[in-house]
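Just follow the structure's listing: the first ligand is 1, and inside any ligand the first atom is 1.
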Amino acid sequence: MARAKDIASIRQALQRRRREIVRVSQATREEVQALKEQERDPEYEENAQVELADYTLSHLVEAQRRELMLIDAAIERIEGGAFGLCIDCGQEIIMDRLRALPFALRCEEDAERNEAELRSRGSMATPTL
Ligand SMILES: [Zn+2]
């Protein structure tokens with residue numbers, strides 16, 4: 001049952017990370033909102049800087065949204081019992097790999113094979129998990 005215990009602790013870490021992202025992304029959204037309001041102020045002359053900050057923050061929001069999706073998918077797999085099983089060969093992914101890459105969907109061997117296939121097809125790096 002060591003594995004089940006390890007997975008439970010990964011799940012806890014994912015949930016902690018999830019709460020953290022929700023908190024930070026709330027703050028980020030408020031910043032974007034504040035910038036948008038500032039932009040409407042005709043007195044405000046540093047528009048280029050506002051645009052740059054807005055652009056940076058939008059990307060941050062996007063990255064946070066993507067990470068939340070990955071976390072939710074991993075938690076769903078934990079709840080459904082599919083977590084830690086390679087989607088290609090069905091074997092258990094070793095715990096060291098899961099600890100380092102909790103979103104991993106493939107065992108190391110299949111991840112490498114998948115990456116090599118993607119590369120040979122010339123498609124631009126979809127990160128292999
Ligand atoms: Zn595999």
Note to self: Taking the basic N atoms (NZ, or NE/NH1/NH2) and the acidic carboxylate oxygens, is any pair closer than 4.0 Å for R23 and E20?
What the structure shows: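 Yes, this pair counts.
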Next item on the list: Answer yes when E117 and R113 have at least one side-chain N-carboxylate O distance shorter than 4.0 Å, and no when they do not.
Entry: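 R113 and E117: salt-bridged.
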Next item on the list: Using atom types as modelled and distance alone, determine if a side-chain donor or acceptor of R3 lies under 3.5 Å from a backbone N or O of E92.
Entry: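 The answer is no, because no donor-acceptor pair under 3.5 Å joins these two groups.
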Margin query: Keeping R106 on the side-chain end and E112 on the backbone end, is there a donor-acceptor pair under 3.5 Å?
Written below: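 No: the side chain of R106 does not pair with the backbone of E112.
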Check: Are there any protein N/O/S atoms under 2.8 Å from the Zn ion (ligand 1), and if so, which?
Finding: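 As for protein N, O or S atoms lying under 2.8 Å from the Zn ion (ligand 1), they are C86 SG, C89 SG, C107 SG, D110 OD2.
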Next item on the list: Could you walk me through whether M95 and I7 pass the side-chain contact (heavy atoms from CB on, under 4.5 Å) test, one step at a time?
Entry: CA-CA 8 Å; M95 211 25 92; I7 289 176; 3.8 Å; yes
Margin query: Heavy-atom count check: over 12 atoms from other residues, nucleotides or ligands less than 6.0 Å from E76 CD?
Written below: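 12 or below, so no.
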